[in-house]
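Remarks on the structure that follows.
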Amino acid sequence: MSRTLRLALLCSLCLLFFSACSSAPNCRAEQVFCAALVTETQGLHDFGVAERAWEGLQRAQENGTLAHIAYIESLDKRDYEKNIAFLAEEGYDVILTAGVGMQEATLRSADLYPDSIFIGINQTAEAAPPNFIPLTFAEDQMGFVAGVMAARLTQSQVVAAVCEASWVSSMWRYCEGFRAGVRYADETVKVIVVYRDDGSRTLLFIDAEWGSATAQSLIQQGTDVIFAAGGETAAGALSAASRAHVAAIGVERDQRAALAGEGSGVAASILGRVSVTVEEMMRVLQKGEKPPAQTGMLEVIFSEEVISKRLMEEVNEVAAALQEGRIKTNVTFQKP
């Protein structure tokens, strides 16, 4: 790439970067420690992992760990690798990518750019390059907590999960964890789990129409609490539940805030504490050490209009017991 073209591209990306181009240090310099974030198509303000990862990077810059930070918001899935490549070629030491939908692009980029460290948030890989670090949260535990809440909230004694494809390991863990949590709380409650296994791969995580239609069908069958996992596919289900005045439980982001008026029925959302973990990972990397694969702690955002104080206390107790190993989900890491 010519110097003129590189500068033109850098200035155009300033529209997406949080920091001013004029003040950006030379990230190719060995003594300048830089980190950047590439988001999925929901952008930086996704009420979830991207927003919280950026908060972690900001704190790491404020405490002197990072000299420079930046982000690029992806406008299209086809932009993921281009955006990552730009940052790697500009010399960013650490590149974070937010969301399971970016896993393939992140792994390919880690192979192509061995001098950068890649942190894949909500991404896992059995045979990953040595410069790839997964930052995950125990999806089975998150689903389990949602299942306990659903069993306590239901009046019809029928609850359901609307889930992206079961061959995506994180989706399997979320939704089988939900099934286990319902059974743990009340074995008399009927639990239905529906995966989008027959859908188009091109609509993976973005099939809101399927999510909505599936949730509506489940509600017609008597379901009065809907759990949903899987990007915009899940958002479609949560919105449909809200329109039908059915309690809904989400993961991955603060779904009630993200969906605004469409998420009025969201009783709770379960997330990972991304910001704290990202800040700590930057500190370790800045010292020249490589942190191990991380499994972060959980955070539950409750709607106080729906969830009683007593149920909040029970949910927090269950979450603590799961993380301490006193309760086991017995969910396999991936679909058998």
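Remember, predicted model here, so these are calculated numbers, not experimental data.
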Quiz item: When rounded to the nearest 0.5 angstrom, what is the spacing between CG in Leu153 and CD1 in Ile307?
Solution: 4.5 Å
Quiz prompt | Reported CZ-to-CD distance for the pair Arg173 and Gln334, which is rounded to 0.5 angstrom | solution = 8.5 Å
Quiz item: Got a sec: does the NZ of Lys290 have more than 12 other heavy atoms crowding it under 6.0 Å?
Solution: yes
Practice problem: Using a strict 4.0 Å threshold on nitrogen-to-oxygen distance, state whether Glu262 and Arg243 make a salt bridge. | Solution: yes
Quiz item: Are Arg310 and Glu317 within salt-bridge range, i.e. N to O under 4.0 Å?
Solution: no
Exercise. Report yes or no: does Arg256 contribute a side-chain atom to a donor-acceptor pair with the main-chain N or O of Val266 at less than 3.5 Å?
Key: yes
Quiz item: salt bridge (charged side-chain N to carboxylate O under 4.0 Å, His left out) with Arg253: which of Glu51, Glu232, Glu299?
Solution: Glu232
Self-check item: Crowding at CD, Glu289 (>12 non-hydrogen neighbours, <6.0 Å)
Solution: yes
Practice problem: Taking all heavy atoms of Met282 and all of Leu66, pick out the closest pair and write down the distance. | Solution: CG-CD1, 3.9 Å
Quiz item: Is the CD atom of Glu187 crowded by more than 12 outside heavy atoms at less than 6.0 Å?
Solution: no
Exercise. Drop me the distance from Glu89's CD to Asp115's CG, to the nearest 0.5 angstrom.
Key: 12.0 Å
Quiz item: Roughly how far, to the nearest 0.5 Å, is OG1 of Thr214 from CD1 of Ile192?
Solution: 12.0 Å
Exercise. State which residue, out of Phe178, Tyr174, Tyr184, fulfils the ring pair (Phe, Tyr, Trp, His ring centres under 6.0 Å) condition with Phe144.
Key: Tyr184
Quiz item: Is there any disulfide bond (SG atoms under 2.5 Å apart) pair reaching into residues 180-214, and which pairs are they, with sequence neighbours excluded?
Solution: none
Exercise. Using the test side chain to side chain contact (heavy atoms under 4.5 Å, CB included), find all partners of Glu176 that sit at least two apart in sequence or belong to another chain.
Key: Trp172, Arg179, Val193, Tyr195, Val331
Self-check item: Gap separating the NZ atom of Lys335 from the CG atom of Asp197, nearest 0.5 angstrom
Solution: 5.0 Å
Quiz prompt | Residue of the set Gln103, Met102, Arg108, Glu104 for which side chain to side chain contact (heavy atoms under 4.5 Å, CB included) holds with Tyr80 | solution = Met102
Quiz item: Does the pair Glu280/Arg283 count as a salt bridge with the N-to-O cut at 4.0 Å?
Solution: yes
